[in-house]
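To start, the structure itself, in structure tokens.
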Amino acid sequence: DTGVSQDPRHKITKRGQNVTFRCDPISEHNRLYWYRQTLGQGPEFLTYFQNEAQLEKSRLLSDRFSAERPKGSFSTLEIQRTEQGDSAMYLCASSTVLYDEQFFGPGTRLTVL
Amino acid sequence: QQQVKQSPQSLIVQKGGISIINCAYENTAFDYFPWYQQFPGKGPALLIAIRPDVSEKKEGRFTISFNKSAKQFSLHIMDSQPGDSATYFCAANDDYKLSFGAGTTVTVRA
């Protein structure tokens with residue numbers, strides 16, 4: 001039984017560049033969530049999908065951020081024109097429709113120089 | 001604005017001792033309260049969770065106490081071990097979104 005996987009694990013980019021992260025949820029999970037965690041803080045909700053539908057987006061998700069989940073399987077989170085304030089750990093989680101338990105992946109650590 | 005307030009920010013406990021972490025919330029729409037354990041550089045791992053119709057839940061050395069009227073809940077780690085040294089987050093669920101506390105760093109001294 002494989003857990004949630006995320007790729008890449010680390011990304012260093014220069015300010016103004018675009019970056020894209022990938023999340024593969026647990027295979028039978030049809031809900032997928034993105035969170036952002038800055039140093040010394042708890043994760044903050046960004047958005048979630050049920051199957052391929054994006055059902056909610058946080059106000060934290062500016063128009064530079066876009067997430068997709070084509071065919072209800074893996075998901076991508078893209079950040080355009082990165083800013084230093086985007087430096088954080090981006091976490092993906094998944095769950096089933098029946099249960100509230102969310103299982104997190106290892107995260108992608110983004111550093112914007 | 002943090003919807004879940006967590007305390008203390010850090011604590012040190014001797015091996016074999018009890019660690020207690022407290023959380024409080026205001027939003028009565030919260031219907032599920034999980035605790036996560038996180039090691040440096042890793043994602044949060046689900047530890048134990050409770051629903052508001054239950055006052056206590058125990059799994060191994062971990063116990064959640066829940067006080068619905070006070071809108072407070074706490075995690076007790078019994079017989080603390082060095083391997084329990086980590087950051088612990090309480091969270092609360094409202095309509096599939098988890099709101100997390102700021103975390104408590106627990107250090108267990110051998």
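None of the values given here were measured: they were computed from a predicted structure. Every chain is numbered from 1, with letters handed out A, B, ... down the list of sequences.
Surrounding CD of Q80(A) are more than 12 heavy atoms belonging to other residues, nucleotides or ligands, all under 6.0 Å away. By the neighbour-count criterion of 12 heavy atoms within 6.0 Å, atom CG of L39(A) is sparsely surrounded, having that number or fewer from other residues, nucleotides or ligands. In the displayed structure, Y99(A) atom OH is contacted under 6.0 Å by at most 12 heavy atoms of other residues, nucleotides or ligands. More than 12 heavy atoms of other residues, nucleotides or ligands sit less than 6.0 Å from atom CD of E52(A).
At a threshold of 4.5 Å between side-chain heavy atoms, the hydrophobic network of Ile, Leu, Val, Met, Phe, Trp and Tyr places Y48(A) and L77(A) in two separate groups. Hydrophobic clustering (side-chain heavy atoms under 4.5 Å, transitive across Ile, Leu, Val, Met, Phe, Trp, Tyr) keeps L11(B) apart from F39(B).
Proximity to chain B at a heavy-atom threshold of 4.5 Å picks out R9(A) from residues 9-20 of chain A, in numerical order. Within residues 95-110 of chain B, the residues having any heavy atom closer than 4.5 Å to a heavy atom of chain A are D95(B), Y96(B), K97(B), L98(B), F100(B), G101(B), A102(B), listed by residue number.
Residues L91(A) and G43(B) approach most closely at CD2-CA, 4.0 Å, considering heavy atoms.
Considering only heavy atoms from C-beta on, Q102(A) comes within 4.5 Å of Y36(B) through its side chain.
Of the listed residues (R31(A), M89(A), R109(A)), the greatest number of heavy-atom pairs within a distance under 4.5 Å of chain B belongs to R31(A). Interface summary for chain B: among A93(A), S58(A), G105(A), P43(A), the most heavy-atom pairs under 4.5 angstrom belong to P43(A).
Heavy atoms closer than 4.5 Å to chain A are found in both the backbone and the side chain of P44(B). Only the side chain of Q37(A) has a heavy atom closer than 4.5 Å to any heavy atom of chain B. For Q9(B), no part lies under 4.5 angstrom from a heavy atom of chain A. With a threshold of 4.5 angstrom between heavy atoms, E56(A) approaches chain B through side-chain atoms but not through N, CA, C or O.
Summarising the geometry, atom CG belonging to L46(B) is positioned 11.0 Å from atom OG belonging to S95(A); distances are rounded to the nearest 0.5 Å.
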